[in-house]
Amino acid sequence: MVPEEIIKKVWPKVRRKHLFPELPIPKVSDGRESVALEMKNKQITINTAFYDKIAHKIDGEEVVEALLDHGISHYTYCPWDFHTHLRLFSESKRILKDKERAKRAAGLFMDVVADTHCVKGKKTPLPELYKHLDKGK
């Protein structure tokens, strides 16, 4: 389970790094979601199951910081706005001709853009987190 103390400690540092975005302090989920981090209505939620799985591999504060860097980069940098998000999805769907694959492709593209922006311009533990993720196809 993600300790609330870690979120309270890391949150001000991450907000400062990203120039104080207008976001509430992150919450913790019960771990039933399939994603490590979710953002709805400007509320970042960290998945406890993901945290528990990875926190024994790298420091818990680094896990939280990396996840928050990722989430805030999506909010502040990519996909920029809803119109751009829809354009990315629409173009993916046109090429892939499958709605689910298009959603996945657009999401992965936005993840790469957000993380590249964050890694390029800020000190972040995102690369360390990626080293310890399960490798997929």
Side-chain angles (χ1 to χ4, degrees):
M1 179 106 181
V2 182
E4 295 290 327
E5 308 85 58
I6 290 179
I7 292 174
K8 287 178 183 174
K9 180 179 180 183
V10 172
W11 182 238
K13 173 184 174 182
V14 175
R15 282 190 73 232
R16 186 178 324 105
K17 185 186 337 181
H18 291 271
L19 305 175
F20 301 97
E22 294 277 336
L23 296 170
I25 190 164
K27 293 185 178 180
V28 177
S29 74
D30 58 11
R32 286 186 242 159
E33 298 83 13
S34 62
V35 294
L37 177 96
E38 187 172 62
M39 181 184 272
K40 287 187 179 175
N41 299 319
K42 296 186 178 185
Q43 179 64 62
I44 295 174
T45 305
I46 297 173
N47 181 323
T48 58
F50 177 84
Y51 176 86
D52 292 342
K53 184 177 176 182
I54 200 90
H56 71 281
K57 296 178 182 179
I58 67 172
D59 179 71
E61 287 185 19
E62 287 187 343
V63 173
V64 171
E65 182 178 351
L67 291 174
L68 295 178
D69 280 340
H70 175 81
I72 292 174
S73 288
H74 270 297
Y75 176 72
T76 60
Y77 190 71
C78 182
W80 305 283
D81 56 36
F82 188 61
H83 176 74
T84 304
H85 188 185
L86 289 178
R87 285 182 51 212
L88 290 168
F89 168 73
S90 177
E91 189 64 14
S92 296
K93 188 175 175 192
R94 186 185 68 75
I95 292 167
L96 297 171
K97 301 184 184 352
D98 178 85
K99 180 181 176 181
E100 293 306 313
R101 289 181 68 207
K103 280 173 41 179
R104 180 86 172 125
L108 290 171
F109 174 79
M110 288 183 278
D111 283 345
V112 169
V113 171
D115 289 347
T116 300
H117 170 74
C118 192
V119 168
K120 183 179 171 186
K122 298 167 181 18
K123 186 175 185 303
T124 178
L126 270 168
E128 189 62 27
L129 178 70
Y130 273 103
K131 288 179 191 175
H132 296 286
L133 294 178
D134 293 337
K135 307 298 183 255
K137 294 179 182 177

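Remember, it's a predicted structure, so these values are computed and weren't measured experimentally.
- Side-chain atoms of Gln43 come within 3.5 Å of backbone N or O of Ile25 as a donor-acceptor pair.
- Residues Pro125 and Asp69 approach most closely at CD-OD2, 3.8 Å, considering heavy atoms.
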Q: Start with the C-alpha gap between Glu91 and Arg94, add the side-chain angles, then the distance that decides, and say whether salt bridge (Lys or Arg N to Asp or Glu O under 4.0 Å) holds.
A: CA-CA 5 Å; Glu91 189 64 14; Arg94 186 185 68 75; 2.5 Å; yes
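- Leu86 CG to His83 NE2: the interatomic distance, rounded to the nearest 0.5 Å, is 8.0 Å.
- Considering all non-hydrogen atoms of both residues, Glu65 and Lys123 come closest at OE2-O, 4.0 Å.
- What you find for Lys135 and Tyr130 is that their closest heavy atoms are NZ-O, 3.4 Å.
- Pairing each heavy atom of Val63 with each of Ala55, the nearest pair is CG2-CA, 4.2 Å.
- The NE2 atom of His18 lies 4.0 Å from the SG atom of Cys118; values are rounded to the nearest 0.5 Å.
- Put simply, the side chain of Lys99 never gets that close to the backbone of Lys93: no donor and acceptor are under 3.5 Å apart.
- A salt bridge is absent between Glu5 and Lys8; no separation between the charged side-chain nitrogens and carboxylate oxygens falls under 4.0 Å.
- If you run side chain to side chain contact (heavy atoms under 4.5 Å, CB included) between Thr124 and each of Val14, Leu68, Val119, Asp115, only Val119 comes through.
- Asn47 places a side-chain N or O within donor-acceptor distance of the main-chain N or O of Val35, the cut-off being under 3.5 Å.
- When all heavy atoms are compared, the tightest approach of Pro79 to Met110 is CB-SD, 3.2 Å.
- Checking side-chain atoms of Trp80 against main-chain N and O of Tyr77 turns up a donor-acceptor pair under 3.5 Å.
- To the nearest 0.5 angstrom, Met39 atom CE is 9.5 Å from His70 atom NE2.
- The pair Lys42-Glu22 does not meet the salt-bridge criterion, since no charged nitrogen lies less than 4.0 angstrom from a carboxylate oxygen.
- Across every non-hydrogen atom of Ala105 and Leu96, the tightest pair is CB-CD1, 3.6 Å.
- When side chains are defined from C-beta on, Ile44 does not count as touching Lys27, because their heavy atoms never get closer than 4.5 Å.
- Partner Tyr51 forms a side chain to side chain contact (heavy atoms under 4.5 Å, CB included) with one of Leu67, Val64, Leu37 and no other, that one being Val64.
- For the pair Ser92 and Arg104, the minimum side-chain heavy-atom distance is 4.5 Å or more.
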